[in-house]
*Asks:* 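Please read through the structure below; I'll follow up with questions.
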Amino acid sequence: MNEITYTTQKMAGSYAEGWHIWGWEVPIYLFLGGITAGIIIIAALMMLKKRGKDFPVSTNRVILWAPVFLSLGMGALFLDLTNKLNVLSFYMTFEMTSVMSWGSWILLIIYPVSILMILSTFREGYSELYVKISKKLETIMDGKVLKLLEYMISFSEKNRDVIAKTAIPSGIALGIYTGILLSAFNARPLWNSAILGPLFLVSGISTGAAFIILLSEKDERHFISGIDVKLIMTELFILVLYFIGQITGGASKSEAINIFLGGDLFTPVFWIFFVFAGLILPLFLDWQESRGIEIHPKLQPLLVLFGGVMLRIILVKAAFILRDTSIHKMLY
Amino acid sequence: MKTENKKYAMVIDTKLCVGCGACVAACKTENNVPDGRSRVWVAEEVSGTFPDISMEIRSERCNHCSSAPCVDSCPTGASHYKKGTVNLVMVNENRCTGCKACMAACPYDARFTVPEGYVSKCTFCSHRIEKGDSPACMAVCPAKAIHFGDINNRESDVSRLLRSRKSKTLLPENGTEPNVYYLV
């Protein structure tokens, strides 16, 4: 038997004031970053394939949501900062070894990329809204603003392929970064697996696809559903690889992964809310639909989105539960 | 002779430490550590089953790692090695955003946030050692169990102790190259 007791105050628990690390804000930010990456990647591919006529939502319309989700995510991240006044120091430097520094600069690239994507598809995707906006702008500054907008739009439309080709690697970088942010910490063996990068990327694309399914109809819905099914299957496959890596990755990792595999309190939470509700059930519903059974069209994408949120919340929370239990083991 | 950067280390004698907690109290007073937080703590590790047991008492703190994951993970450069040293890890509160990446990165859980928002931790009493004083925890230790000095200097107290006694570090498997040594 080996028992460690802290005789003097260190932590009342890792959730005590001052010792708390990340709550809901960071997982929500990781989710919103992932869905933004997914939307950008899918929209860029559809733009390159010029599918605007058949699939208007994924090609021309959904991209409007990318900066919205990204801003909400960055808002969540901002809420997590305990020293908010210094927020600008993220952009005063570039720290080669810090994943978070890479991330803050990637986020900054995503804004112009997604705005250019919106400009290049806006006239097609939101033709009525465009007419309304241009009427409003005509009266401002003798129509100079309108002229500028028209110039920017026609520039982006002309360079649509270049924009899309830039957008794909930017989206992939964003998606992978959301996973690597966690995996780069060797102090948290549960996260310390580089495969979280691809896992979060695929999950991000999958939630992006689910969001498109929510907005689209008929043919487009079926087409994107077909893609999402393949993404979910890939995600399950990567999840197995993650488990194999952790189980065989030495004592600390195999001990940590027990929280998902060992029948701990958190094991059913992971399997029911993420694996079952977020991956298996959507696949099952898709299969039932293909057999002709009617299922509410919003149910499957909503489950995928729910699974995407759960994956991130559970993974972040679990590492801190492990941190807490390692302290408690010492206390009792 | 080439001037080498200082590599500060603390060598703590577990055979002398009685776990009185004077180091913890001295640190809190010296550094005005806010309520609920603590830069130093004492661990009592008991091995075996009664009556065959042994106990080791350790005064623990930031390990001022030579390969510090907190410094590597800091996105703003707030966590840094003090100039002129290899490993004295400091936090620049004017750059710290409180993103807590360093806290997630530290395998020793040595870091915490203060009510003002920035992250803080043990500095080996950098303000005292600048003046040639010893760190507060060492100065008050009634058992004289704590030693501090530059291990790049072969003649220093800590270098000699590490050469003459058997020692260990905490979690060396994490690859952080910790610089708080425990004589066993």
Side-chain angles (χ1 to χ4, degrees), chain A residues 1-12 14 16-23 26 77-78 80-105 181-182 184-189 191-192 250-252 316 319-320 323 326-327 330, chain B residues 19 21 23-25 28 34-38 40-49 53 56-60 69-78 92-101 103-120 171 173-176:
Chain A
M1 201 186 84
N2 205 38
E3 190 177 271
I4 304 179
T5 314
Y6 289 124
T7 47
T8 34
Q9 164 208 38
K10 180 190 182 188
M11 295 174 231
S14 57
E17 201 195 343
W19 297 100
H20 169 73
I21 301 185
W22 291 332
V26 167
L77 195 60
F78 180 70
D80 177 68
L81 299 180
T82 49
N83 212 13
K84 296 186 173 56
L85 281 178
N86 282 348
V87 65
L88 282 180
S89 30
F90 278 111
Y91 295 109
M92 306 293 218
T93 174
F94 171 67
E95 298 290 326
M96 194 67 150
T97 54
S98 164
V99 178
M100 214 180 257
S101 183
W102 281 87
S104 12
W105 288 103
L181 179 69
L182 299 183
F185 297 122
N186 91 22
R188 315 289 157 202
W191 296 342
N192 192 9
S252 59
V316 169
F320 294 130
R323 175 185 183 227
S326 72
I327 296 163
M330 292 166 183
Chain B
C23 47
V24 180
K28 278 211 108 164
D35 277 356
R37 284 81 162 168
S38 179
V40 182
W41 59 95
V42 176
E44 285 181 11
E45 187 169 354
V46 178
S47 326
T49 337
I53 54 173
E56 179 179 292
I57 307 173
R58 292 188 304 264
S59 167
E60 297 184 358
C70 51
V71 174
D72 285 347
S73 64
C74 179
T76 64
N92 178 350
E93 56 198 66
N94 296 320
R95 279 187 152 189
C96 176
T97 62
C99 74
K100 300 178 284 296
M103 290 171 65
C106 177
Y108 309 100
D109 282 323
R111 291 173 163 249
F112 49 83
T113 50
V114 297
E116 290 79 18
Y118 57 87
V119 171
S120 174
L171 302 177
E173 66 273 19
N174 279 45
T176 58

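These numbers were taken from a predicted model, which means no experiment stands behind them.
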*Asks:* Please name all residues satisfying side-chain contact (heavy atoms from CB on, under 4.5 Å) with A:D80, sequence neighbours left out, ordered by chain then number.
*Replies:*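 Only A:W22, A:E25, A:V26, B:K100 meet the side-chain contact (heavy atoms from CB on, under 4.5 Å) criterion with A:D80.
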
*Asks:* Looking at B:S120, B:A78, B:C106, B:A25, which has the largest count of heavy-atom pairs under 4.5 Å with chain A?
*Replies:*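 If we count pairs closer than 4.5 Å to chain A, B:C106 comes out on top.
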
*Asks:* So which atom in B:R95 and which in A:S89 form the shortest heavy-atom distance, rounded to 0.1 Å?
*Replies:*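 Looking at all heavy atoms of both residues, the closest pair is O-OG, 2.9 Å.
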
*Asks:* Which bit of B:E173 comes within less than 4.5 Å of chain A, counting heavy atoms only: side chain, backbone, both or neither?
*Replies:*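 Interface part for B:E173: neither.
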
*Asks:* Using every non-hydrogen atom in the two residues, find where A:H20 and B:M103 come nearest and quote the distance to one decimal.
*Replies:*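 Result for this residue pair: O-CE, 3.6 Å.
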
*Asks:* Using a cut-off of under 4.5 Å on heavy-atom pairs, state which of B:P69, B:C96, B:G77 scores highest against chain A.
*Replies:*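 Of the candidates given, the most pairs with chain A belong to B:C96.
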
*Asks:* First locate atom OG of B:S73, then atom CG of A:L181, and finally report the distance between them rounded to the nearest 0.5 Å.
*Replies:*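 B:S73 OG to A:L181 CG: 10.0 Å, rounded to 0.5 Å.
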
*Asks:* Which heavy atom in A:M100 sits nearest to a heavy atom in B:A101, and how many Å separate them?
*Replies:*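 That closest heavy-atom pairing would be CE-CB, 3.8 Å.
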
*Asks:* Indicate yes or no for a side-chain donor-acceptor contact from A:N83 to the backbone of B:V119 under 3.5 Å, with no hydrogens or angles considered.
*Replies:*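 No; judged by distance alone, with no hydrogens or angles, the pair does not exist.
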
*Asks:* At a heavy-atom separation under 4.5 Å, does B:R111 approach chain A through its side chain, its backbone, both, or neither?
*Replies:*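 For B:R111, backbone heavy atoms alone lie under 4.5 Å from chain A.
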
*Asks:* Under 3.5 Å, side chain of A:R188 to main-chain N/O of B:A104, donor-acceptor pair present?
*Replies:*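 Yes; at least one donor-acceptor contact below 3.5 Å.
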
*Asks:* With rounding to the nearest 0.5 angstrom, report the CD to CG distance, A:E95 to B:D72.
*Replies:*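 Answer rounded to 0.5 Å: 9.5 Å.
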
*Asks:* Does any heavy atom of chain A fall under 4.5 Å from the side chain of B:E56, the backbone, both, or neither of them?
*Replies:*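 Neither; nothing under 4.5 Å.
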
*Asks:* Mind checking the CG-OG1 spacing from A:L77 to B:T97? Nearest 0.5 Å is all I need.
*Replies:*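 Going from the CG atom of A:L77 to the OG1 atom of B:T97 covers 8.5 Å.
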
*Asks:* Most heavy-atom pairs under 4.5 angstrom with chain A, which of B:C74, B:P115, B:G175?
*Replies:*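 Most heavy-atom pairs within the cutoff with chain A belong to B:C74.
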
*Asks:* To the closest 0.5 Å, what do you measure between CG (A:L88) and OG1 (B:T76)?
*Replies:*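 Going from the CG atom of A:L88 to the OG1 atom of B:T76 covers 11.5 Å.
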
*Asks:* Mind ranking B:P107, B:P75, B:G98 by heavy-atom pairs under 4.5 Å with chain A and telling me who comes out on top?
*Replies:*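 Of the candidates given, the most pairs with chain A belong to B:P75.
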
